[in-house]
*Asks:* 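Before I ask anything, let me first share the structure, which is written out below as structure tokens.
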Amino acid sequence: MSSVPPDIAQNISDDVPECSRNEAYDFNRYALIVYGGTPIAIAGVICNWILFRLFTKSKSTKSPALYLLLLAVLDLLMDLLYIPFFTVDALAIYHKSEFLYHIWHDYAMFVFGLSRLVQFASTYIILCATIERFIVVAEITSLNFLISSTGRFVTIGITFLGVAILRLPAFFEYYITYRPDCPLYENYDYTPLLAGWEHYQMFNFYVMTVLHIFVPFALLLMLNISIVVVTQRKLTGIGWAVTTFIDMPKVSEMIRKESINSNKRRRDELRYATWTMVSIATTYLCCSSLSLFIGILENVWPQNTLLFQEDGSSTKFYTLASDAVSILVAVNSLLRIFVYLLCSPNFRKQLVKEYPCLKCLACGADSDEKTKNIKEEKKLFIGYQNLIMGARVDML
């Protein structure tokens, strides 16, 4: 979501009391929010609820999937918040619903602050998961504590504490006052509280734009490039090691076969885990690009004619772009389940097992017979696997 929604930014009271003006809803904007964003948010709620169910049943609290579980919870909250904040506002103004109009103003600032907090937390959970993936792939033993169960809980606790401290002021940026002397749909003012303080405006820029967008954007980009490079080198190294071992003249055919199978399984595990985190980070970067652009315009060139007209009202571009930023947040959360489907065979199998009706979505899953054969092979040759590979498969 953009740092200051046009509805709020436009309705800041002047020194001379006057009735506020609501941001108009023409059909294009109404259709974008109600017919475009709302179905995406509803689909996101359903998909992230499925992810939440799957991750809670897979004992993910003691594995790296803990980050994915928290991400599913935060995405679920983000999609749930979209409907009361954007959809209800659009319905109230466009259809002139007095009931929805008054109800919306009762909870608007709370939902606005909560959405900022949740989105900020979601960004840093993605960053924490990516950092863990980099530590594992690069085998940085000095940071092994961070990839342990205790280390994850400590990292998550510090992250949420920092997010709460930095984003708590968002609940107090404005307060809404009721103006009984003004006509309906013009009788609520958004009066600056913290937002009217110059030092807070600078704080908000560095927190919302720098820490929320610039820093994660840059770190995720660098980490993902590093992960891809290190993974490629690692896979090449695995192939060389096993090829050398297989070429030894006195190795039995059974061990040769297990070497090939173990090599393939390890390479696949490494690829799948890496693809998953790289894809999650990439979708975040793509969906945040518009927010990054709007954030720069809002904070670096606040009087830009691209954002505001001469009378101080928002331009149509700014209004639609702000709405699109919020919809992209919902799109980003919806895409998670498809990332897991494309990148993780284990997730596909788990999804089909838990929800057989979704088998069509997991068409790439291995057949039951193939899965059974792999399990039997693993059981038969497990003694050789550790000898040949010496690999920490569970860490990959």
Side-chain angles (χ1 to χ4, degrees), residues 40 42-80 122 125-126 128-130 132-133 136-137 147-149 152-153 156 227 231 261-262 264-284 331-382 385 391-396:
I40 292 173
I42 293 173
V45 169
I46 296 171
C47 290
N48 283 291
W49 174 251
I50 292 174
L51 291 177
F52 173 75
R53 290 284 304 276
L54 291 177
F55 288 138
T56 51
K57 289 187 176 183
S58 62
K59 299 180 181 180
S60 57
T61 55
K62 295 183 179 180
S63 73
L66 174 61
Y67 290 116
L68 304 184
L69 170 62
L70 292 175
L71 193 57
V73 173
L74 294 171
D75 286 340
L76 178 62
L77 287 173
M78 205 68 221
D79 289 325
L80 286 172
S122 176
I125 288 297
I126 294 174
C128 289
T130 304
E132 173 166 313
R133 173 55 27 193
V136 171
V137 170
I147 61 177
S148 65
S149 296
R152 288 188 198 99
F153 282 109
I156 291 168
I227 288 170
T231 300
N261 291 335
S262 298
K264 183 179 184 301
R265 282 197 294 272
R266 188 180 179 214
R267 289 166 67 96
D268 288 345
E269 288 287 342
L270 187 58
R271 282 197 190 97
Y272 297 148
T274 301
W275 286 350
T276 299
M277 280 316 307
V278 169
S279 298
I280 289 175
T282 301
T283 54
Y284 167 80
V331 170
N332 185 35
S333 66
L334 174 61
L335 290 177
R336 308 265 196 240
I337 192 170
F338 297 102
V339 168
Y340 302 142
L341 282 171
L342 291 172
C343 299
S344 175
N346 289 333
F347 176 82
R348 292 197 295 265
K349 294 170 190 174
Q350 189 180 359
L351 181 67
V352 171
K353 181 179 179 181
E354 188 69 24
Y355 301 97
C357 59
L358 298 178
K359 190 173 183 178
C360 59
L361 293 177
C363 56
D366 295 331
S367 63
D368 293 339
E369 183 178 354
K370 183 177 179 181
T371 304
K372 183 178 179 181
N373 290 337
I374 290 176
K375 287 182 179 179
E376 289 177 352
E377 277 189 351
K378 184 175 182 180
K379 197 176 203 180
L380 182 60
F381 299 117
I382 191 66
Q385 181 174 344
R392 294 156 61 196
V393 177
D394 59 318
M395 294 293 290
L396 301 174

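These values consider heavy atoms only, across backbone and side chains, with no hydrogens, waters or symmetry-generated copies.
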*Asks:* Which residues pass the side chain to side chain donor-acceptor pair (under 3.5 Å) test with Gln350, not counting sequence neighbours?
*Replies:* none
*Asks:* Would you say that Arg336 contacts Ile126 through its side chain, given a criterion of any heavy-atom pair below 4.5 Å between the two side chains?
*Replies:* yes
*Asks:* Which value, rounded to the nearest 0.5 Å, describes the distance between Arg133 atom CZ and Tyr67 atom OH?
*Replies:* 12.0 Å
*Asks:* Would a 4.5 Å heavy-atom cut-off, applied to side chains only, mark Ser122 and Asp75 as touching?
*Replies:* yes
*Asks:* How long is the straight-line distance from CG of Leu341 back to CG of Leu351, given to the nearest 0.5 Å?
*Replies:* 5.5 Å
*Asks:* Step by step, work out the side-chain contact (heavy atoms from CB on, under 4.5 Å) result for Leu51 and Leu68.
*Replies:* CA-CA 9 Å; Leu51 291 177; Leu68 304 184; over 6 Å; no
*Asks:* Once you round to the nearest 0.5 Å, how far does CG of Leu54 lie from CD1 of Ile337?
*Replies:* 7.0 Å
*Asks:* Atom CZ of Phe52 and atom SG of Cys47: how far apart are they, to the nearest 0.5 Å?
*Replies:* 15.5 Å
*Asks:* Taking the ring centre of each residue, are Phe55 and Tyr340 less than 6.0 Å apart?
*Replies:* yes
*Asks:* Using a 4.5 Å cut-off on heavy atoms from C-beta on, say whether the side chain of Met78 contacts that of Asn48.
*Replies:* no
*Asks:* Between Arg152 (side chain only) and Ile147 (backbone N and O only), is there a donor and an acceptor less than 3.5 Å apart?
*Replies:* yes
*Asks:* Measure across Thr130 and Ile227 and return the closest heavy-atom pair with its distance rounded to 0.1 Å.
*Replies:* O-CD1, 3.8 Å
*Asks:* As an exercise, state the distance from CD1 of Ile50 to CD of Glu354, rounded to the nearest 0.5 Å.
*Replies:* 10.0 Å
*Asks:* Considering the options Thr56, Leu74, Ile125, which one meets the side-chain contact (heavy atoms from CB on, under 4.5 Å) requirement together with Leu69?
*Replies:* Thr56
*Asks:* Would you give the length of the straight line joining atom CZ of Phe338 to atom OG1 of Thr283, rounded to the nearest 0.5 angstrom?
*Replies:* 12.5 Å
